[in-house]
Participant: 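Pasting in a structure now, in structure tokens, and then I'll have a few things to ask.
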Amino acid sequence: MYTLSKSERLCSKTLIEELLKSRLSFVKYPFRIVYKASSQTGEFPARIAISVSKKKFKRAVKRNRIKRLTREAFRLHKQELYEQIPPGSTFDILLIYLDKELWDFEKTEKSVKAALEKIGTELNDNSK
């Protein structure tokens with residue numbers, strides 16, 4: 001359960017476009033989180049995509065490092081989110097990096113964990 005397989009990543013262009021039209025979003029700095037219930041079910045309760053602006057980080061090395069740190073933080077804390085998602089449903093999540101500075105892993109992990117907790121509490125509030 002501590003892996004991040006290909007089927008847990010959001011790759012479909014149509015699903016990403018649907019997600020960007022979603023009104024369910026919030027900011028947990030340095031990320032803007034956009035999420036919605038997916039129109040296509042998957043084998044995992046959540047699929048994730050990460051976006052880092054080329055305008056803010058010119059070098060691909062830095063963009064890839066941010067994505068790698070974010071994926072690792074999600075991988076470590078996804079189980080807490082999975083427990084709160086109702087069985088049989090799939091959610092798509094997009095994390096957009098907003099800051100112009102590169103954050104270390106501890107700060108990134110703390111922010112991703114807080115974002116996942118907020119998604120979980122909002123899912124519980126909506127289901128009641």
Participant: Could you tell me if the side chain of I93 sits less than 4.5 Å from the side chain of L81, heavy atoms only?
Facilitator: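 Yes, side chains in contact.
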
Participant: Return yes if a side-chain donor-acceptor contact under 3.5 Å exists between T3 and S5, otherwise no.
Facilitator: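 Distance-only check fails for T3 and S5.
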
Participant: Following the transitive rule for hydrophobic clusters with a side-chain heavy-atom cut-off under 4.5 Å over Ile, Leu, Val, Met, Phe, Trp and Tyr, establish whether L4 and L69 coincide in one cluster.
Facilitator: no

Participant: Please report the interatomic distance NZ(K6) to CZ(F44), rounded to the nearest 0.5 Å.
Facilitator: 13.5 Å

Participant: Can you list the residues that meet the side chain to side chain donor-acceptor pair (under 3.5 Å) rule with D99, with sequence neighbours excluded?
Facilitator: Y29, W103

Participant: Side chains of H77 and E109: any donor to acceptor distance under 3.5 Å?
Facilitator: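 Checked: E109/H77 side chains pair up, N/O donor to acceptor below 3.5 Å.
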
Participant: Is it possible for you to say whether L76 and I85 belong to one hydrophobic cluster, with membership spreading through side-chain heavy-atom contacts below 4.5 Å?
Facilitator: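 Different clusters.
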
Participant: Assess the side chains of T90 and Q40: does a donor N or O sit below 3.5 Å from an acceptor N or O?
Facilitator: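 Per modelled atom types, T90 and Q40 side chains form no pair under 3.5 Å.
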
Participant: Look up atom CD in E18 and atom NZ in K13, then write down how far apart they are to the nearest 0.5 Å.
Facilitator: 14.0 Å

Participant: As a quick check of understanding, evaluate side-chain contact (heavy atoms from CB on, under 4.5 Å) for E80 and K113, giving each step before the final call.
Facilitator: CA-CA 9 Å; E80 300 154 16; K113 184 178 180 183; 3.9 Å; yes

Participant: So do the side chains of K100 and S53 get within less than 4.5 Å of each other, counting heavy atoms only?
Facilitator: no

Participant: Within a radius of less than 6.0 Å around CD of E101, do more than 12 heavy atoms belonging to other residues, nucleotides or ligands occur?
Facilitator: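 It does not: E101 CD has 12 such atoms or fewer within range.
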
Participant: At their closest point, which heavy atom of F26 faces which heavy atom of A115, and how far apart are they?
Facilitator: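 Taking every non-hydrogen atom into account, CZ-O, 3.6 Å.
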
Participant: Assess whether side-chain contact (heavy atoms from CB on, under 4.5 Å) is satisfied between I33 and S25, documenting all intermediate values.
Facilitator: CA-CA 5 Å; I33 294 91; S25 70; over 6 Å; no

Participant: Take R75 and E72 through the test salt bridge (Lys or Arg N to Asp or Glu O under 4.0 Å) and record every step on the way to the result.
Facilitator: CA-CA 5 Å; R75 184 187 70 80; E72 178 66 10; 2.7 Å; yes

Participant: What distance separates L123 CG from K118 NZ, expressed to the nearest 0.5 Å?
Facilitator: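 That separation rounds to 12.5 Å.
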
Participant: Could you tell me if the side chain of E8 sits less than 4.5 Å from the side chain of I48, heavy atoms only?
Facilitator: no

Participant: Main chain of L98, side chain of K56: is a donor-acceptor contact present, judged purely on distance under 3.5 Å?
Facilitator: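 Checking the backbone N and O of L98 against the side chain of K56, a donor-acceptor pair under 3.5 Å is found.
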
Participant: Would a distance-only check, ignoring hydrogens and angles, find a side-chain to backbone donor-acceptor pair under 3.5 Å from S111 to T108?
Facilitator: no

Participant: Nearest 0.5 Å, please: how far is CG in L19 from OG in S38?
Facilitator: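 If we round to the nearest 0.5 Å, S38:OG and L19:CG are 9.0 Å apart.
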
Participant: Taking only Lys NZ, Arg NE, NH1 and NH2, and the carboxylate oxygens of Asp or Glu, determine whether R47 and D92 approach each other closer than 4.0 Å.
Facilitator: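 A salt bridge links R47 with D92.
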
Participant: Parallel, tilted or perpendicular: which fits the ring planes of F91 and Y35, with parallel below 30° and perpendicular above 60°?
Facilitator: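 The arrangement is tilted - the two ring planes meet at 30° to 60°.
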
Participant: Less than 4.5 Å apart, any side-chain heavy atom of N64 and any of K67?
Facilitator: yes

Participant: side-chain contact (heavy atoms from CB on, under 4.5 Å) for L15 and S39? Distances and angles first, verdict last.
Facilitator: CA-CA 8 Å; L15 288 176; S39 58; 3.6 Å; yes

Participant: Can you name the one residue among R71, R9, R63 that meets side chain to side chain contact (heavy atoms under 4.5 Å, CB included) with I50?
Facilitator: R71

Participant: Passes side-chain contact (heavy atoms from CB on, under 4.5 Å), I96 versus F31? Steps please.
Facilitator: CA-CA 5 Å; I96 304 169; F31 296 102; over 6 Å; no

Participant: Does a side-chain heavy-atom distance below 4.5 Å link L102 with I66?
Facilitator: yes

Participant: So do L20 and L94 actually touch side chain to side chain, heavy atoms under 4.5 Å?
Facilitator: yes

